[in-house]
Student: 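One structure coming up, written as structure tokens, with questions to follow.
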Amino acid sequence: MKPHLIILGAPGSGKGTQASRLAGKGYRHISTGDLLRSEIAKNTELGQKVSGILSRGDLVDDNTVMALLKANCDINMVSYIFDGFPRNVVQAEMLDTQLLQGCNSIAVYYKLEPGVLIDRIVNRRTCAKCGEIYNLNTKPPMKSNVCDKCGSINELKQRKDDTQEVVSNRLKIFADTVNPMLLFYKAKGALVEIDASKPEDEVFDNLEKVIC
Ligand code: ADP
Ligand code: AMP
């Protein structure tokens, strides 16, 4: 089995875009943000508990997200791409000890100057039907409001937490938590950095080079 991939990077650095391109090529993409949004959409008890936290752009507590992740993956069946987990060094340790437990893994850090992130995020649109990610500036759909991938009409939505104010909070939290996490993976000799400012195809080529 290929090593599990742990994708690290600020909100808007392109984790979801790259992970969904790689999914299917022997990997399964798992995004804790998507899992939490799905709980909110289904109005479950967990969804009700975390809804306000996501709207503000704060982090859900470590144990809750870890339990959700564990409930949704079977680590011995397939190689995973972890997108959005870990968010801090405590979660990095939990991932290691509670889930990976010695399985082969690589952490890939999508490095990007903070300046471009807000612009990327506020212009992000996601197809509510199939999850395809667009950008109004850099990757608009071929036909306005029609998803290139699944053909759905008027389903390209902006995430509620992709507003300027909430994004600023999410970016601040990322800046406050990223360094200890990078040091954690560096110390294990399992960290690779990729320049995420390059065009999407180039970033993907570089990701493929890292994993083959
Ligand atoms: P993340 O999952 O890290 O929050 P996304 O993959 O959702 O980031 O990407 C955020 C936004 O940036 C989306 O609108 C996406 O289309 C755009 N984007 C992703 N990768 C690139 C890239 N290499 N260059 C320019 N825009 C990109
Ligand atoms: P994302 O889709 O990765 O941008 O995550 C969206 C939101 O979900 C974040 O702003 C957090 O509120 C929450 N979230 C996602 N993953 C985690 C995590 N690993 N730990 C805590 N909160 C998370």
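Atoms within each ligand, like the ligands themselves, are counted from 1 in listed order. The model shown is predicted, which means the values in this text are computed figures rather than measured ones.
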Student: Going by atom types alone, do D58 and N169 pair a side-chain donor with an acceptor below 3.5 Å?
Tutor: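 Per modelled atom types, D58 and N169 side chains form a pair under 3.5 Å.
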Student: Give a yes or no on whether a salt bridge exists between D176 and K172, defined as a side-chain N under 4.0 angstrom from a carboxylate O.
Tutor: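 A salt bridge is present here (some side-chain N lies under 4.0 Å from a carboxylate O).
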Student: Give the numbers and elements of all ligand 1 atoms closer than 4.0 Å to a heavy atom of P199.
Tutor: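 The list of qualifying atoms is 23 (N).
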Student: Report, as yes or no, whether the 6.0 Å neighbourhood of atom CZ on R159 holds more than 12 heavy atoms from other residues, nucleotides or ligands.
Tutor: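 Correct, the count exceeds 12.
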Student: Between E39 and K49, is there a salt bridge with N-O shorter than 4.0 Å?
Tutor: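 E39 and K49: not salt-bridged.
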Student: Check this for me, if you would: do D201 and R21 make a salt bridge, where the nitrogen-to-carboxylate-oxygen distance has to be below 4.0 angstrom?
Tutor: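 So D201 pairs with R21 through a salt bridge.
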Student: Under the salt bridge (Lys or Arg N to Asp or Glu O under 4.0 Å) rule, what do D205 and K198 come out as? Steps first, then yes or no, please.
Tutor: CA-CA 11 Å; D205 287 346; K198 303 282 186 216; over 6 Å; no
Student: Count the heavy atoms belonging to other residues, nucleotides or ligands that lie under 6.0 Å from CD of E113, then report whether that count exceeds 12.
Tutor: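 Counting other residues, nucleotides and ligands, CD of E113 stays at 12 neighbours or fewer.
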Student: Out of all atoms in ligand 1, which are within 4.0 Å of some heavy atom of I133? Include the element for each.
Tutor: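 Answer, ordered by atom number: 6 (O), 7 (O), 13 (C), 15 (C), 16 (O).
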Student: Going by heavy atoms, is G9 under 4.0 Å from ligand 1?
Tutor: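 Checking ligand 1 against G9, which is what was asked, there is no heavy-atom contact under 4.0 Å.
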Student: Which atoms of ligand 1 are found less than 4.0 Å from any heavy atom of A10?
Tutor: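 Atoms satisfying the 4.0 Å criterion: 3 (O).
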Student: Which of the numbered atoms in ligand 1 are below 4.0 angstrom from a heavy atom of G16?
Tutor: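 Once the distances to G16 are compared, the set is 1 (P), 2 (O), 6 (O).
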Student: Counting from 1, what ligand 1 atoms have a heavy atom of Y134 closer than 4.0 Å?
Tutor: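 Going through ligand 1 atom by atom, the ones under 4.0 Å from Y134 are 13 (C), 14 (O), 16 (O).
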Student: Counting C-beta onward and ignoring hydrogens, is there a side-chain heavy-atom pair between S105 and L5 closer than 4.5 Å?
Tutor: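 Not touching, per the 4.5 Å side-chain cut-off.
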Student: Does a side-chain N-to-carboxylate-O contact under 4.0 Å join R170 and D162?
Tutor: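 D162 and R170: salt-bridged.
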Student: Does S13 reach ligand 1 with a nitrogen or oxygen that is under 3.5 Å from one of the ligand's nitrogen or oxygen atoms?
Tutor: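 N/O-N/O distance below 3.5 Å exists for this pair.
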Student: Pick whichever of E132, Q18, R120, R159 has a heavy atom sitting closest to atom 21 (C) of ligand 1.
Tutor: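 Comparing heavy atoms across E132, Q18, R120, R159, the nearest one to atom 21 (C) of ligand 1 lies in R120.
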Student: P11 to ligand 1: N or O pair under 3.5 Å?
Tutor: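 No, since none of the N or O atoms of P11 sits under 3.5 Å from an N or O of ligand 1.
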Student: Starting from atom 17 (C) of ligand 1, what is the nearest protein heavy atom, named by residue and atom, and what distance separates them?
Tutor: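 Closest protein heavy atom to atom 17 (C) of ligand 1: N135 ND2, 3.9 Å.
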Student: Starting from atom 7 (O) of ligand 1, find the nearest protein heavy-atom neighbour and note its residue, name and distance.
Tutor: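 Looking at atom 7 (O) of ligand 1, the protein heavy atom closest to it is R124 NH1, 2.6 Å.
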Student: Taking only heavy atoms of K15 into account, list the atoms of ligand 1 that are under 4.0 Å away from them.
Tutor: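 Within the 4.0 Å cut-off of K15, ligand 1 contributes 1 (P), 2 (O), 3 (O), 4 (O), 6 (O), 8 (O).
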Student: Which is it for Y110 and ligand 1 at heavy atoms under 4.0 Å: side chain, backbone, both or neither?
Tutor: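 Answer for Y110: neither.
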Student: Looking at ligand 1, does any of its N/O atoms fall within less than 3.5 Å of an N/O of G14?
Tutor: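 Indeed, backbone or side chain, G14 has an N or O that close.
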Student: Between Q98 and M66, is there a side-chain heavy-atom distance shorter than 4.5 Å?
Tutor: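 Yes; the side chains approach each other to less than 4.5 Å.
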Student: Could you establish whether T138 and ligand 1 come within less than 4.0 Å of each other, counting only heavy atoms on the residue side?
Tutor: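 Heavy atoms of T138 do come under 4.0 Å of ligand 1.
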Student: Enumerate the atoms of ligand 1 whose separation from the nearest heavy atom of T17 is less than 4.0 angstrom.
Tutor: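 Contacts of ligand 1 toward T17, numbered from 1: 5 (P), 6 (O), 9 (O), 15 (C), 19 (C).
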Student: Taking atom types as modelled, is there a side-chain donor on S197 or K111 under 3.5 Å from an acceptor on the other?
Tutor: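 Looking only at side-chain atoms, K111 and S197 do not form any donor-acceptor pair under 3.5 Å.
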Student: Hydrophobic cluster membership, with links at side-chain heavy-atom distances under 4.5 Å among I/L/V/M/F/W/Y: are Y109 and Y80 in one?
Tutor: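 Yes, it is one cluster - the side chains of Y109 and Y80 are joined through contacts under 4.5 Å.
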Student: Please work out, at 4.0 Å between heavy atoms, whether the side chain, the backbone, both, or neither of K198 comes within that distance of ligand 1.
Tutor: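 The answer is the backbone of K198.
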Student: Work out whether the distance between some heavy atom of A19 and some atom of ligand 1 is less than 4.0 Å.
Tutor: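 No.
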Student: Going by heavy atoms in the side chains, are L69 and I30 under 4.5 Å from each other?
Tutor: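 When only atoms from C-beta onward are counted, I30 and L69 do touch, with a gap below 4.5 Å.
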Student: So, do I211 and L22 sit near enough that their side-chain heavy atoms are less than 4.5 Å apart?
Tutor: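 Contact flag for I211/L22 side chains = yes.
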Student: Under a strict 4.0 Å criterion on non-hydrogen atoms, which protein residues are in contact with ligand 2?
Tutor: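 Ligand 2 is contacted, at a heavy-atom distance under 4.0 Å, by T32, G33, L36, R37, L54, D58, L59, V60, V65, G84, F85, R87, Q91, R159, D161, R170.
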Student: Less than 3.5 Å between some nitrogen or oxygen of R125 and one of ligand 1, yes or no?
Tutor: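 Such a contact does not occur with ligand 1.
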Student: Whether the H4 and N104 side chains hold a donor-acceptor pair (N or O, under 3.5 Å, no angle test) is what I'd like checked.
Tutor: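 Result is no, nothing qualifies.
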